[in-house]
Amino acid sequence: MKNPYLRAVWAVFRKDLAAEFRSRELIPAMLVFAVLVVLIFYFALELDVKARTAITAGALWVTFSFAGTLGLNRTMSAEKDQGCLDGLLLAPLDRSAIYFGKFFSNLAFMLIVEVIVIPAYSLLYNINLFNRGLLLVTLLGSVGYVAVGVLLASMSVQTRTRDVLLPVLLFPLVLPVIVAAVKASGGFLAADAFTEISPWLNLLLVYDIIFLAAAFMVFDYVVEE
Amino acid sequence: MKNPYLRAVWAVFRKDLAAEFRSRELIPAMLVFAVLVVLIFYFALELDVKARTAITAGALWVTFSFAGTLGLNRTMSAEKDQGCLDGLLLAPLDRSAIYFGKFFSNLAFMLIVEVIVIPAYSLLYNINLFNRGLLLVTLLGSVGYVAVGVLLASMSVQTRTRDVLLPVLLFPLVLPVIVAAVKASGGFLAADAFTEISPWLNLLLVYDIIFLAAAFMVFDYVVEE
Amino acid sequence: MSPQPRTLKILNLVSLLLLVASTLLVFFYAPTEKVMGLVQKVFYVHVATAWVGMLGFVVAAVLAVVYLRTKDLKWDAIGLAAVELSLVFFFVAVVLGSIWARPAWGTWWTWEPRLTTAAILGMIYLAYLLLRQGIEDPVRRARFGAIYTILGGLSVPLTFLSIRLFRTIHPVLIGSGGGESMGMTDEMLHTMFFHIAAFTVIFITLFWHRIRLAQYAEKVEQRKLQVMQ
Amino acid sequence: MIEVTKLVKRFGAKTILRGLNFTVQPGEFVALLGPNGAGKTTFLRILASLSRPSLGVVRIAGYNLPAQAAAVRRRLGVVSHQPLLYGDLTAAENLAFYADLYDLPQPARRIEEVLRLVGLANRHRDLVRTFSRGMQQRLAIARAVLHNPEVMLFDEPYTGLDQDASEMLDTVLKNVATQGPHAVVMTSHDLARAENLATRFDVLSRGQIVASATPAQLGSNNLLTFYKQALEKAA
Amino acid sequence: MIEVTKLVKRFGAKTILRGLNFTVQPGEFVALLGPNGAGKTTFLRILASLSRPSLGVVRIAGYNLPAQAAAVRRRLGVVSHQPLLYGDLTAAENLAFYADLYDLPQPARRIEEVLRLVGLANRHRDLVRTFSRGMQQRLAIARAVLHNPEVMLFDEPYTGLDQDASEMLDTVLKNVATQGPHAVVMTSHDLARAENLATRFDVLSRGQIVASATPAQLGSNNLLTFYKQALEKAA
Ligand code: HEM
Ligand SMILES: Nc1ncnc2c1ncn2[C@@H]1O[C@H](COP(=O)(O)OP(=O)(O)OP(=O)(O)O)[C@@H](O)[C@H]1O
Ligand SMILES: Nc1ncnc2c1ncn2[C@@H]1O[C@H](COP(=O)(O)OP(=O)(O)OP(=O)(O)O)[C@@H](O)[C@H]1O
Ligand SMILES: [Mg+2]
Ligand SMILES: [Mg+2]
């Protein structure tokens, strides 16, 4: 890559993936956790009796949200633990490159998990989830979730109570994403008319753009002292 | 207290409560998190449309389970971070006293959260949850959950991946507790005959006893080197 | 590299023969089931692999107790071997079960007590592997692994009980016609028991090989240390 | 006071301590020296009953480890580079907590006493979180001596302390060590400090004590040469 | 190379640095001494552009902080007591990652070079997680000098290192510092090491540089007295 900015984004992204590929600790944990959430939902909410499409979409997104916080927490605290965050901040580049690198690696982890959980869910509940619309929603929703998540995780790992803080900070902010993603996924699964779904898709798109832009602008303040 | 064993249990318990009372960081976070989970359920699973008693019980217990891991993770990592665990282990007492101290303080945190969340839920969804049976189930379920949880949290904080490991280890093991608690709570809320509920209560009781006994026996191995 | 002991060589051969024999039995001895036809033949391997999988988990729990008693890392390595091997057999059983469930119950998966327990059991042992992965110190890894297998062993019967209760109180939507009501001929029963026996032997053989592998890994580790010092 | 014979400690395939022999008499202050990774911390953790020996006999104050661990722990005071204190409690609360664990008879009076000993009497109501590194280390020492232990183990108590704090620590350690017939074992990379305090220097290398000397045997100011020769001989 | 005038740093109501003035010429190796909590780490973090000054002017290599931070960072090498390395990557991968961030022209060759410089050439494929404390510190230095910085900042690089590792570090630091007209600022509580390396000693106390001296002015072996007098005068 010629552009130093892009090269830095790419370097951070590749580094995270290489570390995960070496240790293989995060993605398997997220996957097992996701399956456990689905199992618990089954028992607690008796999902199968009325496996309506709306419930399916909701259960999937709650699962992704919870599994997502695990990933975010872990990749950011790995940076913090040996002071590696400082190492990144010492590099002569725009700090937003770090943000985008982390954004892409977390997005990759989340998408990998989703790409495995969706067919598994499909099998377990005997619902056909192979639907192009659903994939689009998954992508848009994950982008919004991770965009805010990386920003907040970089803040929460710098606090004393980092174990507990991230979900408390994150969930209220990403609630619009979750609601829109649930609605849009539900719509696609119920084969609703596109005109009914498109407001939700637009909302997701707007959210993604606004929060990526906002994160781009405020990330500097999150990491500086 | 005359008995040194009980005195040690009491000291650990009181110390945890005093620290929490000072810093006020854990219980508020657990509460906010619990409310957020309820909210997410509301939006994602459209709980209110069919807020049947069975769903209520399930939603409550999923909320408690997730909030519980936050508390467990935090109280154990607070011990680990400044090496305080070593400080406890250096004291001339049976190690199980440490386990029981931690067990009671975590149980207290969990019960406090539950005692606040249940009426809040009651208000939000306009369901009457003031039911002596429900309180009994809440107590029995929390005991089982915390009994296993403290043991596993003492293990998970000693691993490299402690941020992500606890729920992955804990959830498959406490599934019987969650299932039984959901069923028994649901039964009490639906005013089912006691004969229908009693198998679940028995299961909870058996689980509590077995796991408290097991933890008592293996806790030594968790902390020794 | 020490050569394989005689017994193991014999076991290799016996396992191979048993595998061939059981395959032959399935196709030439056991009658083809009237309703489901050929798919039903998956049944024998399904039952045998599921049984062997369970066996390994029980062995692992026993070895965990032995490890905590003796503190000999050998038992930990053997316990890990048992879990890994069992997970493989278990996975095969689940896949075969699914393949069979599709025509038998009209679905790949249903929340029937045994299947659900199986899923949770699988999760427990995957969690066990993740736990081990997060610990570098081999002694602590062994200790925590042992504790977790014991807790798992305690929890599984309770899980099964809870799911049984869960299911019997609520009506089961699908699959009530399968299972016990299936008429099995004597030949089918013979074939099934033969499979169970054969797979037990195969399991033992593979287990042995896996233990030897662990021993080699241990030796390599020691050599590495010697070189480094 | 401390008697260790043929101690072996393995972590998996790695052997860290290889048949180590070590004795400390009452009143001795032993400085345990050795390179990074020699196993000093490991050895102290075994003495502190936090870690189990793989083989060998460890006797402390007449009790065997790990069999009579509880009796040993009652006679043991440990300071490691981590303070082992709760940031959200005050200094006095921290000590009161440990007094409960050790089941001390008159906790309030004893706590006042040790706080005065380490010079924190006027800060006893402050949260430990707000203490500086040096003050935390002092409180850690107060915690370690609270129950009047006969055997004391210090693992790099000077790490990260400045000159003043180090000198204060010198005084406290001397005070503590001379209050009765204590046995003290301390590890440190700071040879100058060790030289100041210790009545014996032991060098740990390759899993064994490879050399041992008293200040009298050394003469003045050549601890460094002694240490280096010991390591060379062992290599 | 470094010019700091009237630097003030506040954390909330606490003022840590109170109008500090500080200059370093190319080729100087400044040892920054001071008690715990004096603000040495805070000061180095400001120089490293990791923390913003509350007031005052900071110029490094001709650029202003924090306005021209990116230009400054390109000319800066930092070693802190944490290694800033990824345990799950190999030594070479860690350096390759930083080479990418610094956009170095011929990364492979430069990585080989610095690995040789710190004596890790034959361990470049091992995971950093398996490195000892001393080896990690060496690699941290390799990381810091990778882009050939003109200004180097070391925050207690010796903490927790043993004699051997410390001597190795001495050599590496001398090598590094003498490769061209570098300016080096190092904090340390280990006066002996500082004395060995530095061409100037500055004492930071109460938020200001209260004393400064060169080895020539000091004569031999009285850095400790100089340091103590400086602190007393300031008090
Ligand atoms: C713990 C794991 C399992 C064990 C021990 C097990 C064992 C057995 C046994 C003994 C039978 C024959 C006896 C009977 O009909 O009741 C059977 C039948 C069957 N199993 Fe499994 N199994 C396991 C898991 C699974 C899984 C995960 C699936 C599918 C997803 C599955 C699908 C089936 C099917 C479809 C049948 C035939 C039922 C019928 O006759 O309609 N099994 N299993
Ligand atoms: N729990 C453990 N599992 C595996 N190896 C360990 C464990 N604890 C220590 N070691 C290894 O034992 C060796 C000795 O470590 P130890 O911490 O005792 O050294 P030390 O002498 O205290 O070093 P330092 O001077 O750096 O403190 C090291 O090689 C270390 O990697
Ligand atoms: N982020 C922060 N917020 C509030 N106070 C801080 C912060 N960072 C440092 N301090 C305070 O600033 C003071 C100086 O700390 P600093 O770490 O710079 O000292 P130091 O000279 O490096 O000490 P040491 O020798 O112990 O490393 C301390 O009182 C510390 O409590
Ligand atoms: Mg050590
Ligand atoms: Mg500092």
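What's counted below: heavy atoms across the whole structure, side chains too, no hydrogens, waters or symmetry copies. Note on naming: letters A, B, ... go to the chains in the order of the sequence lines (proteins, then strands), and numbering restarts at 1 for each one.
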| So among B:Val62, B:Val174, B:Val182, B:Val179, which one has a side chain to side chain contact (heavy atoms under 4.5 Å, CB included) with A:Ile40? |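 Between A:Ile40 and the candidates, side chain to side chain contact (heavy atoms under 4.5 Å, CB included) is satisfied uniquely by B:Val62.
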What part of [X] gets closer than 4.5 Å to chain B, counting heavy atoms only: side chain, backbone, both or neither?
X        : answer
A:Val35  : neither
A:Val164 : both
A:Ser77  : side chain

Out of curiosity, [X] [atom1] to [Y] [atom2], how far, rounded to the nearest 0.5 Å?
X        : Y        : atom1 : atom2 : answer
B:Asp163 : A:Met76  : CG    : CE    : 12.0 Å
B:Arg74  : A:Arg160 : CZ    : CZ    : 6.5 Å
B:Leu165 : A:Phe33  : CG    : CZ    : 12.0 Å
B:Leu39  : A:Leu175 : CG    : CG    : 6.5 Å

| message | Quick check: closest heavy atoms across B:Val168 and A:Ala29, and the distance to 0.1 Å? | response | CG2-O, 3.6 Å
| field | Least distance between heavy atoms, A:Pro167 atom then B:Leu36 atom | value |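 Answer, listing the atom of A:Pro167 first, then B:Leu36: O-CD1, 4.0 Å.
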Within 6.0 Å of [atom1] in [X], more than 12 heavy atoms from elsewhere:
X        : atom1 : value
B:Phe130 : CZ    : yes
A:Lys15  : NZ    : yes
B:Asn128 : CG    : yes

| field | Interface moiety of B:Leu70 toward chain A, non-hydrogen atoms closer than 4.5 Å | value |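 Backbone plus side chain of B:Leu70, per the 4.5 Å heavy-atom cut-off to chain A.
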| Do A:Trp61 and B:Phe43 touch side chain to side chain, with heavy atoms closer than 4.5 Å? |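 A side-chain contact under 4.5 Å is absent here.
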| request: With side chain to side chain contact (heavy atoms under 4.5 Å, CB included) as the test, would you mind laying out the steps for A:Phe66 and B:Val37 before giving the verdict? | output: CA-CA 10 Å; A:Phe66 283 117; B:Val37 173; 4.0 Å; yes
